[in-house]
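Heads up: the structure comes next, in structure tokens.
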Amino acid sequence: MTRLKLHNTLSGKIEDVVPSEGQPIRMYVCGPTVYSRAHIGNFRTFVATDVLRRTLKFLGVPVLEVMNITDVDDRIIQLASAKGTDIREFTEAPTKAYLEDLATLRMEVPEVMPKATEHVPEMVALIERLMARGHTYTVDGSVYFRIASFPAYGGLSRLDVSGIKTGVRVDTDKYEKEDARDFVLWKLKGDEPSWAQWDASFGRGRPGWHIECSAMSMKYLGETFDIHCGGIDLIFPHHENEIAQSECGTGKLFAKHWMHVDHLLVENETMSKSKGNVYNIPDLLAKGFRSDQIRYMLSQSHYRKAFNFTWDGLAQVETALARIHTFWNRLVEITESAGAPAHDSVVLAAASALASFEGALANDLNAPEALAAVHGLVSEGNTLADRGVVNAAGAGVLIDALKRMDQVFACFEPPKGDSLSAEEQALFDSRQDARKKRDFAAADVARKALQERGVVIEDTPKGTRWKRVRA
RNA sequence: GGCGGCGUAGCCAAGUGGUUAAGGCGGAGGUCUGCAAAACCUCUACUCACCGGUUCGACUCCGGUCGCCGCCUCCA
């Protein structure tokens with residue numbers, strides 16, 4: 001079995017991902033904070049983690065994935081209060097939207113998607129453990145983690161945290177801390193609404209941000225698990241803090257492997273509301289792009305490199321993906337004809353493409369190289385088909401190979417279920433009539449009209465086909 | 001200031017210390033076609049930001065320069 005090699009932020013090296021004896025690979029993904037609709041930058045990360053889990057399964061490794069839903073934080077409390085509602089009601093719509101987008105992007109649903117608000121007792125218990133072990137202190141009722149008690153702090157980010165001093169830039173928590181690097185585990189009840197407060201042995205209040213991921217990941221995956229994933233911006237301080245509070249609480253290694261996905265830029269700029277370049281999935285769909293194209297776009301580049309989203313790039317994806325779809329359809333047609341056993345050259349082409357594909361993904365999820373293997377198979381398959389070497393059995397072999405590859409990318413299979421409108425059908429029929437009469441001028445008029453409606457005509461020996469493109 | 005990353009053809013984007021530097025998009029020519037579309041064939045980086053060094057040999061290793069970016073503060 002090919003073993004996945006994955007870059008580990010902890011060591012800065014590419015290392016084997018090895019499951020514990022008799023266990024699936026246990027992975028945790030820092031999920032969305034549900035205060036607004038997630039944007040394509042968020043989904044760059046989430047699609048990358050989906051490619052990770054699908055690659056593991058492709059390689060025959062069982063996966064247990066937890067992705068949290070952060071439904072309590074200052075923004076949520078603030079926005080919910082402003083709307084005169086509470087957390088449960090306010091986060092309902094963004095959460096639903098997130099799950100919709102997940103489905104649109106054909107992401108596999110993680111085995112567990114815990115909500116922070118439903119795991120406060122677990123967080124409280126972890127804080128109690130930290131208190132018992134002397135890693136905390138209390139100021140005005142709020143509980144802080146004392147970084148000085150964890151000498152290994154900073155190991156993930158390789159930041160020289162001793163340089164962070166109390167001062168203008170750091171202290172966003174309103175309470176006094178012993179050290180600017182310390183972070184809050186529990187915020188004492190203040191003026192927030194009652195629906196944003198929970199009871200704890202150390203006082204009524206609400207959890208800090210970092211504690212939820214430690215509590216929930218350990219609850220479902222165990223105190224030590226295999227891979228912890230998230231956006232590159234979470235390395236510091238979020239993941240650093242998770243390590244500190246988890247390892248100090250348990251005395252054990254927290255996550256063995258840390259995978260971080262680099263950012264998505266829009267036209268070479270960071271996304272920001274002021275620039276008006278923050279797009280979400282419905283925005284792209286509204287522009288006429290399909291979900292398979294969006295998924296291909298988000299998964300085509302290497303996850304450890306910044307990805308630059310451009311409209312032109314998305315348009316390029318349309319063509320590149322169409323090439324795969326067209327090939328697939330061509331194979332399906334061939335399958336329908338009778339035939340002998342598959343030709344050796346076809347079997348060989350499929351096998352060697354699959355081998356390249358697997359090798360690329362196993363090497364730190366090299367998606368661009370894996371896609372090159374897919375396109376290579378398309379070229380080779382088309383050439384063989386042009387020469388008449390691909391019979392029904394051969395087409396079946398090639399489709400099987402593509403299906404295998406699509407277990408990871410989930411966008412190669414051509415979209416189905418589309419049909420022509422009555423008006424388009426009429427134009428299509430009239431063109432067919434005109435062609436029969438060899439009235440090509442009239443036929444071309446109909447074709448042009450269809451084209452303006454986003455329908456492209458293809459005449460083939462087996463009849464006339466159509467396909468939809470962005471108008 | 002500290003830490004980290006990037007700079008490969010018109011565009012996007014892999015890769016390796018040593019035969020012809022993947023793949024996609026775009027472009028040129030050709031085959032096929034009533035014409036197209038699709039597909040196929042040929043061509044499209046004598047070169048990998050720049051300058052040095054190590055080496056028999058570097059685009060790949062080291063040092064420096066320039067440019068771009070991220071993090072160090074909430075953030076996928």
Side-chain angles (χ1 to χ4, degrees), chain A residues 9 12 29-33 35 38-49 73-75 154 157-164 167-173 180-181 209 229-238 240 260-265 268-272 296-297 300-310 312-327 329-330 356 360 363 366-379 381-387 435 438-441 443-444 447-448 451 456-461 464-467 469:
Chain A
T9 309
V29 178
C30 278
T33 301
Y35 70 99
H39 52 66
I40 55 174
N42 296 310
F43 282 110
R44 198 263 164 120
T45 298
F46 298 137
V47 168
T49 62
D73 86 328
D74 289 353
R75 274 170 307 190
S157 54
R158 291 179 193 77
L159 277 177
D160 180 6
V161 288
S162 65
I164 301 177
V168 281
R169 312 184 66 195
V170 173
D171 199 2
T172 52
D173 296 311
R181 303 170 299 161
W209 172 37
C229 315
I232 192 172
D233 52 306
L234 295 182
I235 296 174
F236 186 89
H238 184 52
E240 203 72 78
H260 290 103
V261 183
D262 209 324
H263 274 353
L264 174 144
L265 303 174
N268 269 315
E269 294 190 355
T270 52
M271 281 186 288
S272 73
Y296 185 103
M297 173 195 71
Q300 68 178 332
S301 66
H302 192 99
Y303 76 92
R304 277 197 294 121
K305 235 178 134 176
F307 173 68
N308 186 26
F309 168 83
T310 63
D312 182 53
L314 189 49
Q316 288 188 11
V317 161
E318 276 188 292
T319 322
L321 191 54
R323 179 175 160 80
I324 298 172
H325 289 338
T326 303
F327 176 59
N329 282 143
R330 178 181 196 179
S356 303
N363 183 200
N366 194 329
E369 201 176 306
L371 287 172
V374 176
H375 277 104
L377 182 61
V378 172
S379 290
N382 270 322
T383 301
L384 291 168
D386 275 7
R387 289 182 195 153
R435 285 188 76 230
R438 302 193 68 78
D439 180 358
F440 296 118
D444 289 348
R447 181 168 63 193
K448 192 150 182 274
Q451 209 151 23
V456 172
I457 294 300
E458 295 178 20
D459 297 318
T460 78
T464 299
R465 280 195 295 251
W466 59 270
K467 66 177 177 185
V469 297

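The model shown is predicted, which means the values in this text are computed figures rather than measured ones. FYI, side chains are in, hydrogens and waters are out, and symmetry mates aren't considered; it's all heavy atoms of this structure. Just so we're on the same page: letters track the sequence lines, and every chain starts at 1.
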Given B/rC6, B/rC40, B/rC3, the nucleotide with the shortest approach to the side chain of A/Asn382: B/rC40
For the side chain of A/Thr383, counting heavy atoms from C-beta on, which of B/rC40, B/rA76, B/rG7 is nearest? B/rC40
Tell me the interatomic distance from [X], atom [atom1], to [N], atom [atom2], rounded to whole angstroms.
X	N	atom1	atom2	value
A/Phe307	B/rG7	CZ	P	16 Å
A/Arg304	B/rA14	CZ	C1'	13 Å
A/Arg44	B/rA76	CZ	C1'	10 Å
A/Phe43	B/rA76	CZ	P	12 Å
A/His238	B/rC72	NE2	P	14 Å
A/Ile235	B/rG70	CD1	C1'	10 Å
A/Leu234	B/rC72	CG	P	11 Å
A/Arg181	B/rU73	CZ	P	12 Å

For nucleotides [N] and [M], find the distance between their [atom1] atoms and express it as a whole number of Å.
N	M	atom1	result
B/rU16	B/rA22	P	13 Å
B/rU47	B/rA58	P	15 Å
B/rC32	B/rC41	P	16 Å
B/rA21	B/rC43	P	13 Å
B/rG10	B/rU33	P	36 Å
B/rC68	B/rA28	P	34 Å
B/rU20	B/rG29	C1'	22 Å
B/rG53	B/rG17	C1'	15 Å

For A/Lys305 and B/rC69, is the shortest distance between a side-chain N/O and OP1 or OP2 below 4.0 Å?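 Checking A/Lys305 against B/rC69: no side-chain N or O falls below 4.0 Å of OP1 or OP2.
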B/rC12 OP1/OP2 closer than 4.0 Å to side-chain N/O of A/Asn308: no
What verdict does the side-chain contact (heavy atoms from CB on, under 4.5 Å) test give for A/Leu265 and A/Phe307, after you've listed the backbone C-alpha separation in whole Å, the side-chain angles of each residue and the deciding distance to 0.1 Å? CA-CA 6 Å; A/Leu265 303 174; A/Phe307 173 68; over 6 Å; no
Pairing string of RNA chain B (Watson-Crick or G-U wobble, both atom distances under 3.5 Å; | = paired to other strand) is (((((((..(((.....[....)))((((((.......))))))....(((((..]....))))))))))))....
Residue met sooner reading RNA chain B from 5', once A/Arg465 and A/Asn363 are mapped to nucleotides: A/Asn363
Roughly how far apart are [X] [atom1] and [Y] [atom2], rounded to 0.5 Å?
X	Y	atom1	atom2	result
A/Asp262	A/Thr45	CG	OG1	9.0 Å
A/His325	A/Glu318	NE2	CD	10.5 Å
A/Leu264	A/Phe309	CG	CZ	7.5 Å

Please test A/Arg323 against A/Ser379 for side chain to side chain donor-acceptor pair (under 3.5 Å), starting from the C-alpha separation and ending with a verdict. CA-CA 9 Å; A/Arg323 179 175 160 80; A/Ser379 290; 2.6 Å; yes
Which part of the nucleic acid does [X] contact within heavy-atom distance under 4.0 Å: base, sugar-phosphate only, or nothing?
X	result
A/Leu265	nothing
A/Gly313	nothing
A/Met271	base
A/His260	nothing

Can you name the nearest heavy-atom pair linking [X] to [Y], along with the distance?
X	Y	answer
A/Arg75	A/Thr33	NH2-CG2, 3.9 Å
A/Cys30	A/His238	SG-NE2, 3.6 Å
A/Leu314	A/Met297	CD1-SD, 3.6 Å

With a 4.0 Å cut-off, would you call A/Asp444 and A/Arg435 a salt bridge?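 No, no charged N to carboxylate O under 4.0 Å.
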Assign a letter to each nucleotide of nucleotides 22-37 of chain B from its 5' end: B, base within under 4.0 Å of a protein heavy atom; S, sugar-phosphate only; -, no contact. BSBBS-------BBBB
Without hydrogens or angle criteria, can the side chains of A/Thr464 and A/Arg447 be said to hold a donor-acceptor pair below 3.5 Å? no
Residues two or more places apart in sequence or in another chain: which of them pass side chain to side chain donor-acceptor pair (under 3.5 Å) with A/Ser301?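 A/Arg44.
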